[in-house]
Amino acid sequence: MTDSPFKKDVLQIVKNIPKGEWISYGDVALLAQHPRAARAISAILKSTNEPIPWHRVVNKQGQVSIKDPELRREQIKRLRDEGLTLTDSGQIVHVPLSH
DNA sequence: GCCATGGCTAGTA
DNA sequence: GCCATGGCTAGTA
């Protein structure tokens, strides 16, 4: 099965998310020229075997939204390892720079 | 094909 | 409401 152009675009976009940053499913959809396909983004990330930084994609509120407990923990861990601050419930916390 | 299932979201009778 | 995926069923080759 060959990936659709849309799916390939999505994978490419996710690959390009810089380390330590995050983006929402909806914004990935926008960048892929499918503004209403936010929900499909999660399906694509879940289905691919490609080694991409899927953990940098979270919902619009900046919270990890994966339901599977193990994957959820994995995502939180990866984001923390990249320097982000997350509450144990998976909410990304904006940490103001101290002067 | 059909249909249920989401790691979603804009917009709100 | 949106839309790709995945499991499952007809119904053909």
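Below, read A as the first sequence line, B as the second, and so on, with proteins coming before strands; counting in each chain starts at 1. Atoms considered below: every heavy atom in the structure, side chains included; atoms not considered: hydrogens, waters and symmetry mates.
- Residue A/Arg39 has its side chain nearest to B/dG6 when only B/dT9, B/dG6, C/dT5 are considered.
- For A/Ser24, taking side-chain heavy atoms from C-beta onward, the closest of the listed nucleotides C/dC3, B/dG7, B/dT9 is B/dT9.
- With both pairing distances under 3.5 Å, B/dC2 is matched to C/dG7 as a Watson-Crick or G-U wobble pair.
- At least one side-chain heavy atom of A/Val58 sits under 4.5 Å from a side-chain heavy atom of A/Leu79.
- Within 4.0 Å of A/Lys60, counting heavy atoms only, lie sugar-phosphate atoms of the nucleic acid but no base atom.
- One atom, CD1 of A/Ile92, and another, P of B/dG7, lie 17 Å apart when rounded to the nearest Å.
- Comparing A/Ser4 and A/Arg36 along DNA chain C, the residue whose closest nucleotide (by nearest heavy atom) sits nearer the 5' end is A/Arg36.
- A/His34 has its NE2 atom 11 Å from the P atom of C/dT5, to the nearest Å.
- Separating the OH atom of A/Tyr25 from the P atom of B/dG7 is a distance of 8 Å, rounded to the nearest angstrom.
- Comparing atom distances between the A/Ala38 side chain and each of C/dG6, B/dC8, C/dA4 picks out B/dC8 as nearest.
- Counting non-hydrogen atoms under 4.0 angstrom, A/Ile41 reaches nothing in the nucleic acid.
- Whole-Å rounding puts the A/Asp9 CG to C/dA4 P distance at 12 Å.
- Atom P of nucleotide C/dT5 and atom CH2 of A/Trp54 are separated by 18 Å, given to the nearest angstrom.
- On a pure distance criterion of 3.5 Å, no polar donor-acceptor pair joins the side chain of A/Arg72 and the base of B/dG7.
- Inter-residue side-chain proximity for A/Gln75 and A/Trp54 is flagged as met; some heavy-atom pair is nearer than 4.5 Å.
- With rounding to whole Å, A/Leu30 atom CG is found 10 Å from B/dT9 atom P.
- Look at A/Asp88 and A/Arg80 and you find a salt bridge, because one of the NZ, NE, NH1 or NH2 atoms lies within 4.0 Å of a carboxylate O, short of that distance.
- Regarding contacts with the backbone of C/dT5, a side-chain N or O of A/Lys7 is found under 4.0 angstrom from either OP1 or OP2.
- Spacing between atom CZ of A/Arg56 and atom C1' of B/dG7 amounts to 17 Å, rounded to whole angstrom units.
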**Message:** Before you tell me yes or no, could you show the steps for A/Glu82 and A/Arg78 under salt bridge (charged side-chain N to carboxylate O under 4.0 Å, His left out), namely the whole-Å CA-CA distance, both residues' side-chain angles and the distance that decides it to 0.1 Å?
**Reply:** CA-CA 6 Å; A/Glu82 295 190 352; A/Arg78 290 191 186 201; over 6 Å; no

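- For A/Trp22 and B/dC8, the CH2 to P distance is 13 Å, given to the nearest whole Å.
- Within the 4.5 Å cutoff, side-chain heavy atoms of A/Leu31 are placed close to those of A/Ile23.
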